[in-house]
Amino acid sequence: MSSPILITGAGQRIGLALAEHFLAQGQEIIVTYRTRHEAIDVLAGKGAICIHADFNSDQAIGHFIEELKTHTNQLKAIIHNASSWDCEANNHDYADLFDNMMRIHAKAPYLINLAASDLLLHYQQNSGTAADIIHLTDYVVEKGSPKHLAYAASKAALDNLTKSFAAKFAPAIKVNAIAPSLIIFNEHDSDEYKAKTLKKSLMGIEPGCAEIINSVELILSSQYITGRSMPVDGGRHLK
Ligand SMILES: NC(=O)C1=CN([C@@H]2O[C@H](COP(=O)(O)OP(=O)(O)OC[C@H]3O[C@@H](n4cnc5c(N)ncnc54)[C@H](OP(=O)(O)O)[C@@H]3O)[C@@H](O)[C@H]2O)C=CC1
Ligand SMILES: Nc1nc2c(c(=O)[nH]1)N=C([C@H](O)[C@@H](O)CO)CN2
């Protein structure tokens, strides 16, 4: 019986790296994408089930959940990766920004977890091992962010949902978060921004997607870790 892993926002960067990693292992995956990057065609060619989903409304989240359930009756894991790193400087409609941040980072994972818990439970019942939910949050959950206020607040909401869902779903489903700081820069990042950002951690490097892949695999391999947030931040908290 197939037991796919669901990865949201897998069209690029970390989500795509996770999707490619699992496909290379022979693990079945279901991915969501907002923009049909060429990478999605590649994933589909390798056997991934690719579902278009823009979590920009409650209705869209609901439609995604309905489509998800037409593809599988069980899930080994859900990795909530989809995210928008928007900020007050870029969107002066603060009410709109706040709603968008909360919807993509907290409401979508909240609604999907509640609606898909039966799929995760089926996996646990058939396999005898706990299923997993993994939330990609952010280091800024610890300290806030004066330049990404709504983004940080929404990631903090997702961090709190990690604890609540862990208590609600145990022992059949483990629920954990991964809280990265810099993992990979964006194409448009200036050399000045890169230099300033690298100085913020003790390790002073741009580590790349492997750090998240390793953290996901550690969590999936455990039958005991739940309700926790794994920091992947190069010692930034000690600078
Ligand atoms: N990169 C880093 O250094 C860090 C990343 N993180 C977290 O790790 C995760 C992955 O980061 P990264 O790969 O940089 O993420 P990206 O910024 O590349 O976004 C990941 C995907 O989310 C999708 N997305 C954005 N908005 C929506 C929406 N409304 N509905 C559905 N999908 C949407 C994007 O779609 P589209 O392709 O259409 O734009 C994109 O493919 C995120 O949760 C991020 O917050 C945390 C700290 C550092
Ligand atoms: N959805 C995203 N979230 C975040 C990103 C990103 O590119 N997309 N990038 C960061 C930064 O790397 C930050 O951790 C260091 O400046 C944070 N979140």
Side-chain angles (χ1 to χ4, degrees), residues 1-11 14-34 40 42-55 58-82 104 106-136 158 161-178 212-213 215-228 230:
M1 178 164 313
S2 76
S3 306
I5 292 175
L6 169 64
I7 306 165
T8 67
I14 292 172
L16 177 59
L18 285 165
E20 294 281 13
H21 167 77
F22 286 122
L23 285 173
Q25 287 181 335
Q27 167 63 51
E28 294 175 320
I29 62 171
I30 299 174
V31 301
T32 81
Y33 64 93
R34 181 178 60 173
I40 295 296
V42 174
L43 294 180
K46 293 179 179 177
I49 295 172
C50 303
I51 302 174
H52 177 260
D54 183 343
F55 300 130
D58 297 352
Q59 294 73 19
I61 296 168
H63 291 152
F64 162 70
I65 291 165
E66 287 171 15
E67 181 166 356
L68 172 67
K69 293 197 169 185
T70 68
H71 292 286
T72 188
N73 65 3
Q74 67 177 25
L75 285 172
K76 172 182 169 66
I78 301 175
I79 302 174
H80 291 288
N81 168 80
I104 180 68
K107 195 170 193 179
Y110 168 79
L111 293 174
I112 292 167
N113 289 348
L114 288 171
S117 61
D118 57 333
L119 305 182
L120 295 160
L121 194 55
H122 287 161
Y123 169 79
Q124 185 274 333
Q125 290 165 342
N126 292 328
S127 68
T129 56
D132 282 273
I133 295 171
I134 298 176
H135 297 149
L136 270 293
L158 183 57
L161 283 170
T162 305
K163 305 176 184 83
S164 299
F165 276 120
K168 178 176 179 60
F169 289 153
I173 306 166
K174 298 184 282 110
V175 186
N176 292 287
I178 295 171
I212 302 301
I213 292 169
S215 302
V216 167
E217 286 288 7
L218 187 154
I219 290 169
L220 295 179
S221 69
S222 170
Q223 283 302 306
Y224 196 50
I225 300 171
T226 194
R228 285 299 190 185
M230 182 181 295

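Hydrogens, waters and symmetry mates play no part in the numbers below; they use all other heavy atoms, side chains included. The first residue of the sequence shown is numbered 1, and numbering continues consecutively from there. Since the model is a prediction, treat every value here as computed from it, not as a measurement.
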Note to self: Under 4.0 Å between a side-chain nitrogen and a carboxylate oxygen: does that hold for Glu28 and Lys76?
What the structure shows: no

| message | Quick check: do His135 and Asn113 have side-chain heavy atoms less than 4.5 Å from each other? | response | yes

| request: Classify the ring geometry between Phe55 and Phe64 as parallel (under 30°), tilted (30 to 60°) or perpendicular (over 60°). | output: perpendicular

Residues Leu121 and Ala172: closest non-hydrogen pair is CD1-CB, 3.4 Å

Any side-chain heavy atom of Ile40 within less than 4.5 Å of one from His52? no

When rounded to the nearest 0.5 Å, the distance separating CD1 of Ile65 from CG of Leu119 is 10.0 Å

Between the CD1 atom in Ile30 and the CG atom in Leu6, the distance rounded to the nearest 0.5 Å is 6.5 Å

Q. Distance-only, no hydrogens or angles: does the Lys174 side chain make a donor-acceptor pair with backbone N or O of Ile219 under 3.5 Å?
A. yes

The ring pair (Phe, Tyr, Trp, His ring centres under 6.0 Å) partners of His63 (sequence neighbours excluded) come to none

Checking Leu220, Thr226, Ile78 against Asp132 for side chain to side chain contact (heavy atoms under 4.5 Å, CB included), the one that qualifies is Leu220

CD of Gln125 to CG of Asp118, rounded to nearest 0.5 Å, is 9.5 Å

The reported gap from NE2 in His21 to CD1 in Ile212 (rounded to nearest 0.5 angstrom) is 12.5 Å

Does the side chain of Leu75 reach to within under 4.5 Å of the side chain of Pro4, using non-hydrogen atoms? yes

In short, Ala130 meets Gln223 closest at the heavy-atom pair N-OE1, 3.0 Å

Of all heavy-atom pairs linking Pro109 and Leu158, the shortest is CB-CD1, 3.7 Å

Next on the checklist: For a side chain to side chain contact (heavy atoms under 4.5 Å, CB included) check, start with the C-alpha distance between Lys46 and Ile29, then their side-chain angles and the critical distance, and finish with the verdict.
Outcome noted: CA-CA 10 Å; Lys46 293 179 179 177; Ile29 62 171; over 6 Å; no

Taken in chain and number order and not counting sequence neighbours, the residues that satisfy ring pair (Phe, Tyr, Trp, His ring centres under 6.0 Å) with Phe165 are Phe169

Result for side chain to side chain contact (heavy atoms under 4.5 Å, CB included) between Val216 and one of Asn176, Ile178, Ile5 points to Ile178

For Cys50 and Leu43 the tightest heavy-atom approach is SG-CB, 4.2 Å

Check whether Thr8 reaches the backbone of Asn81 with its side chain - one donor and one acceptor, N or O, closer than 3.5 Å. yes

| request: Would you check if the side chain of Thr72 reaches a backbone N or O of Leu68 as a donor-acceptor pair within less than 3.5 Å? | output: no

The reported gap from CG in Leu18 to CG in Leu136 (rounded to nearest 0.5 angstrom) is 7.0 Å

For Leu114 and Ser117, the nearest pair of non-hydrogen atoms, with its separation, is O-OG, 3.2 Å

Checklist entry - Does a sphere of radius 6.0 Å around NZ in Lys69 hold more than 12 heavy atoms from other residues, nucleotides or ligands, not counting ones at 6.0 Å or beyond? => result yes

### Query
Could you go step by step and tell me if Tyr123 and Thr129 meet the side chain to side chain contact (heavy atoms under 4.5 Å, CB included) rule?
CA-CA 8 Å; Tyr123 169 79; Thr129 56; 3.4 Å; yes

request  = Report yes or no: does Gln124 contribute a side-chain atom to a donor-acceptor pair with the main-chain N or O of Ile173 at less than 3.5 Å?
outcome  = no

dist Leu111:CG -> Asp58:CG (nearest 0.5 Å) comes out at 6.5 Å

_Run Leu218 and Ile225 through side chain to side chain contact (heavy atoms under 4.5 Å, CB included) and show every step you take._
CA-CA 9 Å; Leu218 187 154; Ile225 300 171; 3.8 Å; yes

Side chain Thr32, main chain Gly9, donor-acceptor under 3.5 Å: yes

